Amino acid sequence: GIQKIFSGRGLDSTVATYAGNIIYAIIMIMVVITALGKLGVPTAQFAAIIAAAGLAIGLALQGNLSNFASGFMLVFFRPVKVGDYVNAGGAEGTIEEIGIFTSTLNTLDNKKVVVPNSSITGGNITNFSANATRLVAIPVSVSPLNDPAHVAQALLAAAAENELALKDPAPVAVITQLGEGKFIMELRAWCKSGDYWNTLFTLNAGVKKHVEAAAVIPFLPAQAVKLIQA
């Protein structure tokens, strides 16, 4: 209910959920103190006990205090937000919730990962959703007998027919590595960040189709020959 009130006032889901959790915890503490007062328990003495206990608990739970502070930083400095696809705190997935002490990510294979907030702010954060576009790179290893221009034509044809690959900036095909008995040409195309995985998968399929149709000579690793002496 509290989260809905905040959301109705124009706050996004990240701030609404975080603020709602804090206010809910404060309200519950106030309700407990009020109820104890109704039962005849001296609330002033009880408050002093809570303060003393809070100090002791705070010293014992320094890690949780760090997680609380880190949660505040995540919400109000906004390196990430709910719905972003990130790599942070040793996990990769879409952020479902930034809580008071922990954040919840959902992985591509639908696993729920709960990460302490301090682990996220204490390391590098890669936010794959922060920018509007992403680069998709498709490397192809081929025989040096191929004409690079012929291979590039096949790769660019795959990008041209892909509806998710952006036309601006235009896709390019470049040689990224020269090796013994091969060279690697890479198709580089841009797409909208939210379309990254679909673009990657469909471009892979398109590249295979066009490379085979263009009769590009594939790279064949040297086969190891084992001699057995009779």
Side-chain angles (χ1 to χ4, degrees), residues 7 10-15 74-75 77-98 103-113 115 120-121 123-179 182-219:
S7 297
L11 294 177
D12 67 25
S13 58
T14 304
V15 178
L74 290 174
V75 170
F77 289 98
R78 302 178 67 77
V80 298
K81 66 181 184 299
V82 170
D84 285 350
Y85 185 83
V86 304
N87 186 319
E92 183 172 315
T94 302
I95 296 181
E96 290 190 340
E97 180 183 0
I98 298 177
S103 294
T104 303
L105 282 70
N106 193 48
T107 65
L108 284 175
D109 55 351
N110 204 31
K111 294 177 182 176
K112 179 179 178 180
V113 182
V115 184
I120 297 177
T121 58
N124 293 335
I125 300 174
T126 302
N127 190 335
F128 299 100
S129 303
N131 297 327
T133 58
R134 287 185 65 181
L135 179 67
V136 181
I138 311 291
V140 179
S141 297
V142 297
S143 166
L145 299 176
N146 292 286
D147 178 3
H150 181 63
V151 180
Q153 184 179 15
L155 298 185
L156 293 174
E161 75 171 15
N162 192 300
E163 297 180 353
L164 297 177
L166 299 178
K167 309 306 178 187
D168 184 21
V172 296
V174 294
I175 295 177
T176 58
Q177 183 178 334
L178 297 174
K182 71 173 181 179
F183 67 88
I184 297 177
M185 179 163 280
E186 190 169 276
L187 172 64
R188 296 180 177 180
W190 291 87
C191 69
K192 295 180 180 178
S193 292
D195 294 335
Y196 176 80
W197 293 108
N198 285 337
T199 307
L200 175 64
F201 299 148
T202 54
L203 271 182
N204 272 328
V207 164
K208 181 179 186 300
K209 180 183 76 173
H210 282 275
V211 164
E212 291 177 350
V216 172
I217 304 171
F219 163 62

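Computed from a prediction, not measured in an experiment: that's the story for all the values here.
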Report all side-chain donor-acceptor pairs from residues 161-173 shorter than 3.5 Å, counting only partners two or more places apart or in another chain.
unit_1 : atom_1 : unit_2 : atom_2 : d
Glu161 : OE1    : Lys209 : NZ     : 3.4
Glu161 : OE1    : His210 : NE2    : 3.3
Glu161 : OE2    : Lys209 : NZ     : 2.9
Glu161 : OE2    : His210 : NE2    : 3.3
Asn162 : OD1    : Leu164 : N      : 2.8
Asn162 : OD1    : Ala165 : N      : 3.4
Asn162 : ND2    : Thr202 : OG1    : 2.9
Lys167 : NZ     : Ala160 : O      : 3.0

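Summarising the geometry, atom CG belonging to Asp195 is positioned 11.0 Å from atom OG1 belonging to Thr133; distances are rounded to the nearest 0.5 Å. Atom CG of residue Leu145 and atom CZ of residue Phe183 lie 9.5 Å apart, to the nearest 0.5 angstrom. One distance of note links CG of Asn87 with CG of Asn127; it measures 10.5 Å at 0.5 Å rounding. In this structure, OG1 on Thr176 lies 11.5 Å from CG on Leu187, to the nearest 0.5 angstrom. For the atom pair CE (Met185) and NE2 (His150), the distance works out to 11.0 Å, reported to the nearest 0.5 Å. Note that CD of Gln177 is 5.5 Å distant from NZ of Lys182, once rounded to the nearest 0.5 Å.
Contact record, Arg188 with Leu135: CB-CD1, 3.8 Å, taken as the closest heavy-atom pair. Considering all non-hydrogen atoms of both residues, Cys191 and Thr199 come closest at CB-OG1, 3.5 Å.
With sequence neighbours excluded, the residues satisfying side-chain hydrogen bond (donor to acceptor under 3.5 Å, both in side chains) with Thr121 are Ser70.
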Going through the checks in order, is the side-chain contact (heavy atoms from CB on, under 4.5 Å) test met by Leu155 and Val207?
-> CA-CA 6 Å; Leu155 298 185; Val207 164; 3.6 Å; yes
Take Leu200 and Ile138 through the side-chain contact (heavy atoms from CB on, under 4.5 Å) test and state the conclusion after the steps.
-> CA-CA 8 Å; Leu200 175 64; Ile138 311 291; 3.6 Å; yes
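No more than 12 heavy atoms of other residues, nucleotides or ligands sit less than 6.0 Å from atom CG of Asn124.
Partner Leu105 forms a side chain to side chain contact (heavy atoms under 4.5 Å, CB included) with one of Val86, Thr94, Val80 and no other, that one being Val86.
Between the side chain of Asn204 and the backbone N or O of Phe201, no donor-acceptor pair lies under 3.5 Å. Judged by distance alone, the side chain of Ser103 and the main-chain N or O of Val115 form no donor-acceptor pair under 3.5 Å.
Ring-plane geometry between Trp197 and Tyr85 is classed as perpendicular, the angle between the planes exceeding 60 degrees on a 0 to 90 degree scale with a lower cut at 30.
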